[in-house]
Amino acid sequence: MDRDRPDPPSRFNRRSLLQAMAASLALAGAGGKRADADERALPYVNAPEFVVPGKARWYATSVGFAGYAHPALGKTYVGRPVKLEGNAEHPATRGATDAFLQAALLGLYDPERSQAPRHLRESATWSALDTAIAERRAVVESRQGEGFRLLTGAVTSPTLIRQIDALLQRWPKAQWHVWEPFDDEPRLLATERILGRRLQPHFRLDRADLVVSLDDDFLGPGPRQAVQAHLWAERRMAFQAGQGAARLLVAEPSLSATGTMAENRLICSPLAIPRLAHGIAHALDVVSDRPPGLTDRESQWIEHVAAALRRHNGRAVLTAGAQHAADVQALALLVNEKIGSFGATLIFTDPIVAVPPADRHDVGALAEDMAAGGVSTLVVLDGNPAYATPTTLGFAEAMEKVEFRLHGGLYLDETARRCHWHAPLQHDLESWSDGRAVDGTAAIIQPLVRPFYDVRSIHVVLDRWLGGTGSDHDIVRATWSAAWKDDFADKWQDAVVHGFVPESAFPPVAATVAERNMASAVRPNAQGLVVELRPDASIWDGRFAQNAWLQETPRPISKVTWGNVILVSPQLARAHGIESGEEVRVEAGGRTIVGPAWFAPGQEADTVTVTSGYGRERAGLLTQQFGYDAFSFWDADLRMPAVGATIARTGNRLTIASTQPYQAMDGFDFVRSVELPETAVKKKEEKESFYPERQWDSPSWGMSIDVDLCIGCNACHVACVAENNVPMVGKELVSEGREMHWLRIDHYHEGDPAEPKSYFQPVPCMHCEQAPCEMGCPVNATVHSHDGLNVQVYNRCVGTRTCSAYCPYKVRRFNWFEYTGSDPDSIRAMRNPEVTVRSRGVMEKCTYCVQRISAARIAAKIAGRPIADGEVVTACQQACPTQAIVFGDVVDPNTAVSRRKAGSRDYSLLEEANTRPRTTYLARIEKGERK
Amino acid sequence: VSDVARPAGDYAGITREIVDISLDYPNRRAWWICFAGALLLLLSFFISVAVLFWYGVGVWGNNIPVGWGLAISNYIWFLGIGHAGTLISAMLLLLNQHWRNSLNRFAEAMTLFAVVCAGLYPIVHLGRPWLFYWIAPYPNTMTIWPQFKSPLTWDFFAVLTYLTVSILFWYIGIVPDLASARDHARKRRYQVFFGLTALGWRGSARHWARWRQSYRLTAAIAVPLVVSVHSEVSLLFAAGPIPGWTSTVFPPYFVLGAAFSGFAVVSMIAVVLRHALGLRDLVTERHLDLLAKFLLATGLMTAYGYWAEIFDTLYSGEPQDFGTMLDRLGGFYALSYWGAVIANFVPIQLLWWRRMRVGPLPLFLISLSVTIGMWFERYMLLASTLYRDYLVSSWREYQPSFWDWSLYAGMLGVFFTLFLLFVRFLPVISSFEIKEALFEEKGERHA
């Protein structure tokens with residue numbers, strides 16, 4: 001394939017994007033086989049012990065994201081990982097996952113990954129690279145590390161920290177820089193200033209009857225999402241069960257997952273957050289002066305919040321988004337101290353992420369030094385600063401001045417292309433490493449499979465700079481054998497088996513306020529528009545751009561896939577005559593972004609939100625050609641909103657691949673609300689059915705989804721994709737309404753678009769007992785099973801699509817083209833062997849993970865016992881960090897799902913269609929507290 | 001002389017006038033031009049189907065929620081058009097309406113070809129068209145029957161039955177005329193062709209007796225089909241629990257719409273044929289007048305269906321139904337709704353005047369408008385219902401793609417090709433029935 005020539009924009013060629021991917025994957029398939037060609041591989045003359053074809057084995061490991069290790073259990077068949085699930089034993093996550101973890105599997109199998117070292121963009125060998133490193137090492141050594149710079153992402157790995165320490169000790173003049181575009185730094189800076197010590201705050205949301213969030217999307221995407229969502233849900237469920245309160249008050253400029261779940265949401269400019277923090281601090285007598293410039297509305301909100309914080313003293317917490325400056329964080333700390341959060345709802349530990357010893361350790365300093373010629377050797381490991389830094393830093397240009405540049409990463413990305421050497425790194429799922437979860441619990445990362453390609457662990461690459469020749473396994477063991485000494489063998493075994501090191505979370509540190517004097521953080525209101533940057537909910541800063549599962553995951557609120565949009569408020573759109581999907585130009589301080597505008601109900605009138613990760617150079621088939629580059633818009637500090645911006649239409653219309661073009665729920669009751677957990681939800685009368693009622697034997701399956709707990713995080717959605725071999729179709733087909741997702745998460749807003757209520761509602765197949773699809777199908781391809789499932793018989797389906805036409809929920813998906821037949825070997829290897837791969841022309845849909853039901857039934861039959869409650873866990877249910885989804889036998893009244901369905905909040909979607917769905921919902925609860 | 005047909009000469013003259021069209025076609029140049037156009041369209045059919053079968057249904061604009069698109073609305077449209085033939089032939093035969101004799105042959109042929117086009121659509125629209133026969137109840141190793149609750153199963157039976165009966169009725173009716181053509185043929189290849197197709201018809205009294213029995217019997221079978229087939233087809237929509245479809249008015253509404261569109265197409269063909277083949281004495285102003293009256297009557301009945309639907313919606317007060325009504329009146333497909341209302345019901349009001357009814361050009365234009373209007377209606381009923389059903393989250397617009405349209409053009413090609421071949425090679429008007437009617441009228445007059 002000619003890599004430099006874009007595909008012609010004709011229909012077939014555009015659609016063949018994924019087919020083209022397939023073509024290049026086919027080449028990669030040859031590489032994939034290398035996994036088998038390991039020197040220690042044995043032919044199956046005598047079958048290896050424990051490896052039973054068709055029987056899954058589970059291994060505990062972790063997947064890194066923004067430095068943190070996210071614990072996971074990897075399901076493998078004959079050595080092939082096919083699914084990642086949460087590790088329920090893990091003390092922090094307790095089995096919770098997020099979309100990034102679920103999608104890591106595709107990252108492992110991605111044939112577009114860098115597969116061999118490169119020198120000056122030509123293929124090279126590891127021995128050549130080793131030689132080059134050895135030569136360079138001699139030069140660096142002679143200068144005691146002068147001019148040697150190492151740049152990494154956030155690091156929690158004890159082994160990597162040990163290696164870097166060793167490097168810095170050996171070369172005292174060398175420097176280590178860390179760059180993570182979206183991190184917690186202001187919070188840690190604030191602890192340094194206020195508490196006199198650099199500490200990591202942890203919000204114990206499970207203990208907080210009241211959470212006040214100042215533009216902190218703690219339920220939204222990020223490395224802490226799974227843990228925080230889990231804790232929040234724990235409190236919410238306790239409240240539902242009658243214990244305490246679970247209130248959430250939010251002030252934010254752009255609707256987030258957290259804002260969606262809030263009982264009260266103040267829409268405000270990002271510039272107002274400092275004065276709100278200041279105002280709350282003032283109302284609680286933390287600071288003496290009242291902030292200037294508060295509007296009436298803000299003052300009222302502050303009073304409301306302050307009163308609530310006072311009332312929930314000791315069981316409340318105030319959080320401010322990590323993108324807000326240290327001053328704001330400091331105010332939040334002081335308020336938290338005042339309301340008795342310390343040690344209760346807010347605990348501190350030593351920082352989990354390692355901090356380089358030098359003061360000037362950020363990427364800006366590195367760029368300056370490079371530009372000034374002070375850097376002669378640059379080693380970038382696991383990062384892409386040439387793209388994911390503000391363009392004004394001039395990082396990419398400054399790099400040119402460095403004599404020797406080496407990049408280690410998974411992809412041949414923008415940074416790799418600007419380096420002399422590129423070292424392809426191993427994916428976490430194929431390497432030995434370690435890391436810490438967000439609470440500090442250490443984990444040994446073990447490979448689920450031998451590396452597919454000619455790649456090396458980050459530890460091995462760094463070890464070469466230290467003159468070592470060890471393997472990743474040896475290097476990681478060395479770290480822990482030094483720590484555990486005599487107990488090493490047992491502890492190692494235990495940690496590897498369980499996926500984490502017990503009791504290794506950082507202990508809470510008692511914090512006391514050392515400094516109360518605060519400079520005012522208040523920022524003046526700006527003329528014009530305010531533009532804020534947020535990480536993309538699916539591809540973050542662009543690091544997951546190559547992951548088709550994430551690309552095709554609709555963003556939680558906008559439901560846009562394959563590209564980023566410019567979120568504008570309905571008021572702003574009206575004022576400028578902007579239509580959703582229309583191209584606009586946003587300008588501020590001489591820099592511009594040109595991209596598609598998208599209506600964002602609930603957006604602050606004059607705030608424009610842009611997201612990162614797109615507008616890339618071509619680094620892989622899926623990275624280029626989508627979206628705009630938001631990094632190019634920013635000055636050195638990505639956190640600082642750009643002010644005085646203007647917006648104008650360009651007159652172009654762009655194709656936006658949204659999975660839900662209409663989101664206004666007005667006049668309908670798809671998502672129902674009740675005031676308190678005990679309030680009965682409004683139901684419509686069940687109509688007589690034409691068909692006879694059937695009696696169901698136990699077990700008969702059903703699902704209950706609590707929309708009061710769903711934060712729209714997409715973990716279930718991606719888990720479903722992974723579990724059920726759901727094909728991805730690409731931007732063009734999504735924009736035509738042909739996405740294949742079996743489980744979608746609808747997002748609705750209700751009321752005035754300027755200040756709407758907002759809801760998430762996951763919609764899998766309802767498995768109706770009176771299913772219209774079953775009546776419509778002429779060939780019996782969709783029928784009811786003995787245990788209550790509405791099953792789709794793929795090989796009987798002729799593709800009349802009547803079932804979909806008759807489905808009131810439109811959960812059925814049709815194979816308009818042959819999506820799977822041309823999949824390359826590597827993607828085939830990833831498929832779940834328990835789930836049929838569908839061919840062209842057949843309908844498919846959610847099966848309630850029938851393969852898991854069958855597995856449980858077989859296991860129960862062998863053991864001669866009934867299937868226990870909780871034995872069948874669907875993929876979506878397992879993935880959910882908030883336990884919003886419960887599945888089980890609906891005939892047995894004692895199962896968890898039956899108990900939920902017996903509750904007063906249980907209702908069916910579209911009762912008027914008289915379909916008797918087996919998937920039912922629990923209504924949203926409006927209040928977080930019983931009076 | 002009959003007040004229906006006004007043949008120029010005697011009985012032999014009638015035979016000659018009709019049979020000679022096949023044996024020595026009068027206006028070959030015009031025919032060839034038309035046929036070339038039809039073949040071009042037919043080419044579009046083959047290309048469109050090839051593309052469709054090679055890549056899959058995805059080449060069309062269909063999506064979720066609008067999983068059915070132009071293919072299904074065209075299917076209903078074609079099938080509806082096909083209804084007029086049977087109605088004119090069988091029903092009027094049984095009612096002894098002699099004036100039908102000038103129209104029935106080409107109306108039947110039109111029916112036949114329209115049903116062929118209609119029948120092709122559901123097959124090519126399948127995701128896996130090569131397995132279409134699974135809808136049929138046949139003994140199979142899978143021991144699975146079709147699903148008899150599904151309207152599609154009955155659709156399959158209905159169309160197949162209709163096709164079979166239409167072929168039989170048309171063929172039985174044409175046999176005596178094929179024999180006439182055989183007897184008049186001078187060229188060997190015509191003699192062989194008509195000799196074979198006439199099935200050895202000699203015109204004996206016993207032949208006529210048997211023929212009359214079978215023809216009347218087939219007509220009796222065909223008449224209920226006029227009602228049942230399109231009622232069945234309407235269930236394709238009405239059986240689904242989708243607001244805008246699930247309505248009991250659909251079966252009669254569809255049948256009347258079918259007759260309406262069918263009469264429109266018959267009128268157009270009548271006007272064109274009498275002009276092109278010089279058959280003004282056989283297809284008279286009186287025929288046009290009668291067709292126009294039928295058109296007006298069925299049109300008004302169809303309009304009643306529209307009104308009944310709106311009344312139903314307002315009377316029931318179901319918010320979802322109300323939403324669908326608003327979507328039709330002012331939504332994405334409002335053009336198709338108003339297109340249907342205006343093209344169907346405004347021009348036919350001209351037919352209250354006799355001048356318009358007997359004028360070939362006005363009748364042709366009004367009929368064309370109805371044909372287009374009924375196409376809009378079928379499209380509107382499908383698209384405006386599916387694109388916004390229950391859940392706001394699944395709302396999405398649908399637009400036919402290039403390959404949707406090219407297949408439609410191709411399907412018209414199939415129709416025109418078959419019809420032009422019929423006009424060229426077979427007796428387009430039933431000569432013996434006209435002669436018979438003439439004789440009977442004369443006899444009556446003598447008595």
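So that the names make sense, note that chain A is the first sequence line, chain B the second, and so on, each numbered from 1. Only heavy atoms go into these numbers, but all of them, side chains included; no hydrogens, no water, no symmetry mates. Because the structure is a prediction, the values reported are computed rather than measured.
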Would you compute the distance between atom OG of B:S401 and atom CD of A:E736 and round it to the nearest 0.5 angstrom? 8.5 Å
Is it the backbone or the side chain of [X] that comes under 4.5 Å from a heavy atom of chain B, or both, or neither?
{"X": "A:A664", "result": "backbone"}
{"X": "A:E774", "result": "backbone"}
{"X": "A:C807", "result": "backbone"}
{"X": "A:F670", "result": "side chain"}
{"X": "A:R744", "result": "side chain"}
{"X": "A:F668", "result": "side chain"}
{"X": "A:T782", "result": "neither"}

Are the side chains of [Y] and [X] in contact, using a 4.5 Å heavy-atom criterion?
{"X": "B:V59", "Y": "A:W816", "answer": "no"}
{"X": "B:Y55", "Y": "A:R840", "answer": "no"}
{"X": "B:D389", "Y": "A:K810", "answer": "yes"}
{"X": "A:S804", "Y": "B:I64", "answer": "yes"}
{"X": "B:E397", "Y": "A:P661", "answer": "no"}
{"X": "A:Q660", "Y": "B:R396", "answer": "no"}

Check the side chains of B:S393 and A:Y748 for a donor-acceptor pair under 3.5 angstrom, ignoring hydrogens and angles. yes
Between [X] and chain A, which part of the residue has a heavy atom less than 4.5 Å away: side chain, backbone, both or neither?
{"X": "B:L391", "value": "both"}
{"X": "B:L235", "value": "backbone"}
{"X": "B:Q399", "value": "neither"}

[atom1] of [X]: more than 12 outside heavy atoms within 6.0 angstrom?
{"X": "A:K684", "atom1": "NZ", "answer": "yes"}
{"X": "B:Y315", "atom1": "OH", "answer": "no"}
{"X": "B:W54", "atom1": "CH2", "answer": "no"}

Where the side chain of [X] meets the backbone of [Y], is there a donor-acceptor pair that is under 3.5 Å apart?
{"X": "A:R738", "Y": "B:N62", "result": "yes"}
{"X": "B:R128", "Y": "A:C797", "result": "yes"}
{"X": "A:N780", "Y": "B:W145", "result": "yes"}
{"X": "B:Q147", "Y": "A:C777", "result": "yes"}

side-chain contact (heavy atoms from CB on, under 4.5 Å) between B:W68 and A:T802, worked out: CA-CA 8 Å; B:W68 289 341; A:T802 318; 3.5 Å; yes
On a heavy-atom basis, which atom in B:G58 and which in A:F817 lie closest, and how many Å separate them? C-CZ, 3.1 Å
If I compare all heavy atoms of B:G127 with all of A:R801, which pair ends up nearest, and what's the gap? N-NH1, 4.1 Å
Which of the residues B:W245, B:Y390, B:W395, B:F148 is involved in the greatest number of heavy-atom pairs with chain A at under 4.5 angstrom? B:Y390
Of the listed B:L131, B:T153, B:L126, the one with the largest count of heavy-atom pairs under 4.5 Å with chain A is B:L126
Within residues 317-325 of chain B, contacts to chain A at heavy-atom distances under 4.5 Å involve B:Q320
Output the option from [options] having the highest count of non-hydrogen pairs under 4.5 Å with chain B.
{"options": "A:L910, A:V783, A:T915, A:V779", "value": "A:L910"}
{"options": "A:M843, A:R796, A:R813", "value": "A:R796"}
{"options": "A:D746, A:T800, A:T659", "value": "A:T800"}

